[in-house]
Amino acid sequence: QVQLVESGGGLVPAGGSLTLSCVASGRSSTIYSMAWFRQAPGKERDFVATISRGGSTTTYADSVNGRFAISRDNAKNTVALQMNGLKPDDTAVYYCAAKFGTYSATPSEYTYWGQGTQVTVSS
């Protein structure tokens, strides 16, 4: 079992930046691929970014590529999402997720989820 807790959300003007953090507790985080997803009101949960167990491979949704950066610190069991150039369309609840094995952009493949943190971008 692993527990995930996100933090760092908030209200930011368009063009601003935020850094989300996810702390994992329980089993060692190194066995998990990690990802961030987001869900806006009335919409499905969408893939944002994922990172491999060792941190050497990252993948991003087209909508955030070049603006967001995912990173992890396995010694501290944390995963971060640096978000720059935020747009109103980035407004959503952001979720941290973990899965065994290879990273994926598919929400249903993830076993563990955090409770989410709200990001609101004002125009």
Side-chain angles (χ1 to χ4, degrees):
Q1 291 287 336
V2 64
Q3 294 77 42
L4 304 174
V5 179
E6 304 100 332
S7 62
L11 174 64
V12 62
S17 299
L18 276 177
T19 300
L20 305 183
S21 181
C22 174
V23 179
S25 61
R27 296 183 66 179
S28 172
S29 66
T30 57
I31 67 175
Y32 300 101
S33 295
M34 305 291 294
W36 288 93
F37 293 83
R38 66 186 182 186
Q39 188 166 18
K43 296 187 177 181
E44 295 183 351
R45 190 165 297 188
D46 291 333
F47 167 71
V48 175
T50 186
I51 188 166
S52 60
R53 287 172 288 178
S56 61
T57 303
T58 58
T59 305
Y60 298 93
D62 289 343
S63 59
V64 307
N65 196 22
R67 299 188 296 125
F68 292 10
I70 188 171
S71 62
R72 67 189 297 166
D73 184 338
N74 287 337
K76 297 181 179 179
N77 290 333
T78 59
V79 176
L81 184 69
Q82 173 67 45
M83 304 185 294
N84 300 318
L86 283 161
K87 306 174 181 179
D89 285 348
D90 294 319
T91 295
V93 177
Y94 283 70
Y95 296 91
C96 176
K99 68 179 296 290
F100 293 107
T102 305
Y103 55 91
S104 168
T106 305
S108 61
E109 294 189 15
Y110 284 80
T111 305
Y112 303 105
W113 293 84
Q115 82 289 349
T117 185
Q118 176 71 46
V119 172
T120 303
V121 184
S122 61
S123 57

Run the ring-centre check on Trp113 versus Phe37 and record whether the distance is less than 6.0 Å.
yes

From Tyr94 atom OH to Arg45 atom CZ, the distance as rounded to the nearest 0.5 Å
13.0 Å

To check you understand the geometry: which heavy-atom pair defines the closest contact between Ala69 and Tyr60, and what is its length?
CA-OH, 3.3 Å

Would Val119 and Leu20 count as a side chain to side chain contact (heavy atoms under 4.5 Å, CB included) here? Give the steps.
CA-CA 9 Å; Val119 172; Leu20 305 183; 4.0 Å; yes

Within this structure, what is the CD-CD distance for the pair Gln39 and Gln118, rounded to the nearest 0.5 Å?
11.0 Å

Search all heavy atoms of Ser17 against all heavy atoms of Asn84 and return the closest pair with its distance.
OG-OD1, 2.9 Å

I need the Cys96 SG to Ile70 CD1 distance, nearest 0.5 Å.
8.0 Å

Please determine whether side chain to side chain contact (heavy atoms under 4.5 Å, CB included) holds for the pair Ile51 and Trp36, giving the CA-CA distance in whole Å, both sets of side-chain angles, and the decisive distance to 0.1 Å.
CA-CA 9 Å; Ile51 188 166; Trp36 288 93; over 6 Å; no

Should Arg67 and Asn65 be marked as a side chain to side chain donor-acceptor pair (under 3.5 Å) after you check the CA-CA gap, both sets of side-chain angles, and the distance that decides it?
CA-CA 6 Å; Arg67 299 188 296 125; Asn65 196 22; over 6 Å; no

Spell out, as yes or no, whether a donor-acceptor pair under 3.5 Å connects the side chain of Asp46 to the backbone of Ala61.
no

If you round to the nearest 0.5 Å, how far is CE of Met83 from CG of Leu18?
4.5 Å

Residues Arg38, Ser63; criterion side chain to side chain contact (heavy atoms under 4.5 Å, CB included); working and verdict:
CA-CA 12 Å; Arg38 66 186 182 186; Ser63 59; 3.5 Å; yes

Hits for side chain to side chain donor-acceptor pair (under 3.5 Å) against Ser104, two or more places apart or cross-chain, chain-then-number order -> Glu109

Tyr103: which residues meet the ring-ring contact (aromatic ring centres under 6.0 Å, His included) condition with it, sequence neighbours left out?
none

Nearest heavy-atom contact between Ala49 and Leu81 is CB-CD1, 4.2 Å

Rounded distance (nearest 0.5 Å) linking atom CE of Met34 with atom CG of Asn77:
9.0 Å

Using the rule that Ile, Leu, Val, Met, Phe, Trp and Tyr join whenever any side-chain heavy atoms are under 4.5 Å apart, tell me whether Val79 and Phe100 fall into a single cluster.
yes

Full working for side chain to side chain contact (heavy atoms under 4.5 Å, CB included) between Tyr95 and Glu6
CA-CA 7 Å; Tyr95 296 91; Glu6 304 100 332; 4.0 Å; yes

Residue of the set Leu11, Val12, Asp89 for which side chain to side chain contact (heavy atoms under 4.5 Å, CB included) holds with Val121
Val12

Atom of Ser123, atom of Ala14 and distance for their closest heavy-atom approach:
CA-CB, 4.5 Å

Could you verify whether a donor N or O on one side chain and an acceptor N or O on the other, from Thr50 and Tyr110, lie under 3.5 Å apart?
yes

Could you give the distance from OG1 (Thr111) to CD (Gln1), rounded to the nearest 0.5 Å?
9.5 Å

Quick one: do Leu4 and Phe47 end up in the same hydrophobic cluster if we chain Ile, Leu, Val, Met, Phe, Trp and Tyr together by side-chain heavy atoms under 4.5 Å apart?
no

Mutual orientation of the aromatic rings belonging to Tyr32 and Tyr112 [parallel < 30°, tilted 30-60°, perpendicular > 60°]
perpendicular

Criterion side chain to side chain donor-acceptor pair (under 3.5 Å) on Thr78 and Asp73, from CA distance to verdict
CA-CA 5 Å; Thr78 59; Asp73 184 338; 4.9 Å; no

